[in-house]
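Per chain, numbering begins at 1; letters A, B, ... match sequence-line order. Quantities reported herein were computed from a predicted structural model and do not represent experimental measurements.
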Number of protein chains: 2
Amino acid sequence: MRDRRYGQFCGLARAAEVLGQRWTLLILRDLLVGPRRFSDLEAGLPGIPTSVLATRLKELERDGLIERSLRTGSDRSVVYQVTERGQELRPALEALSRWGAATMTTPHEGEVITQASLVSALRAAARDHANRPSARAVYQIEAADAVAHATVDEHDITVEPGPHPKPDLTIVAGPRYRDLLAGTIAPADAVATGAAELHGNSARLDDFTRTFQVPYSPTLTDPPAGVAASPGTNQGDRS
Amino acid sequence: MRDRRYGQFCGLARAAEVLGQRWTLLILRDLLVGPRRFSDLEAGLPGIPTSVLATRLKELERDGLIERSLRTGSDRSVVYQVTERGQELRPALEALSRWGAATMTTPHEGEVITQASLVSALRAAARDHANRPSARAVYQIEAADAVAHATVDEHDITVEPGPHPKPDLTIVAGPRYRDLLAGTIAPADAVATGAAELHGNSARLDDFTRTFQVPYSPTLTDPPAGVAASPGTNQGDRS
DNA sequence: CGGGATCCCCCGAGATACTG
DNA sequence: CAGTATCTCGGGGGATCCCG
């Protein structure tokens, strides 16, 4: 566990020392959705070696971003959860998410959509209450095997994993779904082009796209992605 | 140059693929201050291997964050500068800087302060114009061997490297200077405790601390830093 | 002298197997 | 379920060398 320091008295350098290791940001993304067990994390991060996950969890605990606790009750298992210090990362991770979302024109081959990635993407896309419709609504969003729901009122937006019992509108995302959030496709055309399939009060789609928005960088040349293919399959949450 | 991908259709994962390599964030920090030559970057990033710097610059160019250009005129040399896509990273890097700044209670042994780190730290600390005094002012800030100046008016704050010909107030930072920005030390006590030495209109210090602010995490336990020692020496800008 | 390329060494990540 | 152990291999740290 050597010193991967940068030797600079600088906030960005300090952040990079803690967060710059491989998989660290994605582990935190998942834990910011909610407490998770070791095997939950492993399932939500396809490809991570167990040894790396174990090492990262120890480092993050040492650095004060997360803590282990023993779940009480029927299943006495270990859960990891973010500390207050870890919570403070939220604005920075959401800014990074939005920046990265500009390159997501289409999934690369084999890319999956996990429950945590869907939730954190929607949280990052949530607009300020001054810049969105004031109507209350509950949306359910489905993409590949991931499901999340968003509860919107005048003050807050909360996004949680899993389905909702009575959503006003359910949106089943197609391959070009992201273009809908980017404003490249008009909501009215979304269903026609296959960007999304709707259930429920489809008139709410307009409100939805004005409530959640991702940036769009027209100058981007995404590396050739072959077929704009199936997002693959999701592992992870017992929702 | 293998695929250090994460295999997830997720903005944060995409960002981590581009930015998560070692030294990348610090290279971008320096380039966001202004165009730099290879040797400028090398000098401003003590400890970076030239091979890593060359590799990172190629990757960043490939990913569209920076571009090489040949400087015209007397010195025909190569300069690297951020593209518009690179500029879009500013909010995310500033959020990371602020988060990391909370751990900067005292410099670790051997940590240096570079020109670019000082400039980017001040830019990240600049408060919204709704939350700061409206007075115009020019501040010069000196920390270790680094110097920067900030020009504040009602609308904007600009921070640039190097000294200013006629600052209203010059602040020479001592070891506990950051506590001043964090609000842990009252401005009136700053000079007495050695947190800062002032030249010029010292009544402006109050405005300064209300214009630039860094977060403070009281729960942090910084690893033992030995002596709260000399920040070392700065390399870098020909200012 | 600026702008790298090349070399060696070793750490850390990936992959898989195994254990409390 | 929650990790540890072991192996291999690519990439970073560090020094040196090279080219226009």
Side-chain angles (χ1 to χ4, degrees), chain A residues 1-8 13 16-27 30-31 35-61 66-81 110 235-238, chain B residues 1-7 13 16-17 19-27 30-31 35-61 66-81 110 235-238:
Chain A
M1 196 172 294
R2 294 272 313 248
D3 261 339
R4 302 228 39 77
R5 303 257 177 92
Y6 286 108
Q8 301 201 359
E17 288 165 0
V18 175
L19 307 173
Q21 312 295 338
R22 195 151 160 77
W23 293 104
T24 299
L25 286 176
L26 296 191
I27 293 169
D30 282 21
L31 288 177
R36 291 289 183 270
R37 295 175 303 177
F38 189 93
S39 50
D40 298 330
L41 291 168
E42 195 179 5
L45 301 168
I48 192 174
T50 60
S51 54
V52 170
L53 179 55
T55 303
R56 291 293 171 271
L57 289 170
K58 269 180 246 169
E59 291 167 351
L60 287 171
E61 192 182 6
I66 68 172
E67 53 192 13
R68 293 170 49 113
S69 60
L70 294 174
R71 200 173 345 206
T72 60
S74 51
D75 64 335
R76 294 207 309 280
S77 58
V78 180
V79 288
Y80 296 89
Q81 53 192 339
Q235 309 284 88
D237 256 301
R238 70 267 168 248
Chain B
M1 196 172 294
R2 293 273 313 245
D3 263 338
R4 301 226 42 73
R5 301 258 177 89
Y6 286 108
E17 289 165 0
L19 307 174
Q21 312 295 338
R22 196 150 159 76
W23 292 104
T24 299
L25 286 176
L26 296 191
I27 292 168
D30 282 22
L31 289 176
R36 292 288 183 272
R37 295 176 302 177
F38 190 93
S39 49
D40 296 332
L41 291 167
E42 194 179 6
L45 301 167
I48 192 174
T50 63
S51 55
V52 172
L53 179 55
T55 303
R56 291 294 172 271
L57 289 171
K58 268 180 249 171
E59 292 167 350
L60 287 172
E61 191 181 6
I66 68 172
E67 54 193 12
R68 294 169 49 112
S69 60
L70 294 174
R71 195 166 359 197
T72 60
S74 51
D75 63 334
R76 296 206 307 282
S77 57
V78 181
V79 289
Y80 296 90
Q81 53 192 340
Q235 309 285 89
D237 255 300
R238 70 262 167 255

When A/Val52, A/Leu45, A/Ile66 are each screened for side chain to side chain contact (heavy atoms under 4.5 Å, CB included) with A/Ile27, the one that passes is A/Leu45
> Are the side chain of A/Gln8 and the backbone of B/Gly44 linked by a donor-acceptor contact shorter than 3.5 Å?
Replying inline: yes
Of the listed nucleotides ([options]), which one gets closest to any side-chain atom of [X]?
X	options	result
B/Arg4	C/dG2, D/dA2, C/dA13	C/dA13
B/Val78	C/dG3, D/dG12, C/dG14	C/dG3
B/Ser51	C/dG14, D/dG12, C/dT6	C/dT6
A/Ser77	C/dG3, D/dA2, D/dG12	D/dA2
A/Ser39	D/dA2, C/dG4, D/dG13	D/dA2

So, does [X] get its side chain near the phosphate of [N], meaning an N or O under 4.0 Å from OP1 or OP2?
X	N	value
B/Arg22	C/dG12	no
A/Arg68	D/dG3	yes
A/Lys58	D/dA2	no
A/Tyr6	D/dG12	no

In this structure, how many angstroms lie between the [atom2] atom of [N] and the [atom1] atom of [X], rounded?
X	N	atom1	atom2	answer
A/Arg56	C/dA13	CZ	C1'	8 Å
B/Phe38	D/dC18	CZ	C1'	14 Å
A/Leu41	D/dG3	CG	P	10 Å
B/Leu53	C/dA5	CG	P	11 Å
A/Leu57	D/dC1	CG	P	16 Å
B/Leu70	C/dG4	CG	C1'	14 Å
A/Ile48	C/dT16	CD1	P	15 Å
A/Asp40	D/dA2	CG	C1'	12 Å

Would you call A/Glu61 and A/Lys58 a salt bridge, taking side-chain N to carboxylate O under 4.0 Å as the test?
no
| message | Mind checking if B/Thr50 touches a base, just sugar-phosphate, or nothing, with heavy atoms under 4.0 Å? | response | base
Give A/Glu42 one of three labels, base, sugar-phosphate or nothing, depending on what nucleic acid heavy atoms sit under 4.0 Å from its own.
nothing
field: Min side-chain heavy-atom separation A/Leu31-A/Tyr80 under 4.5 Å
entry: yes
Tell me whether the NZ or CZ atom of B/Arg22 lies within the 45° cone about the ring axis of A/Tyr6 and under 6.0 Å from its centre.
yes
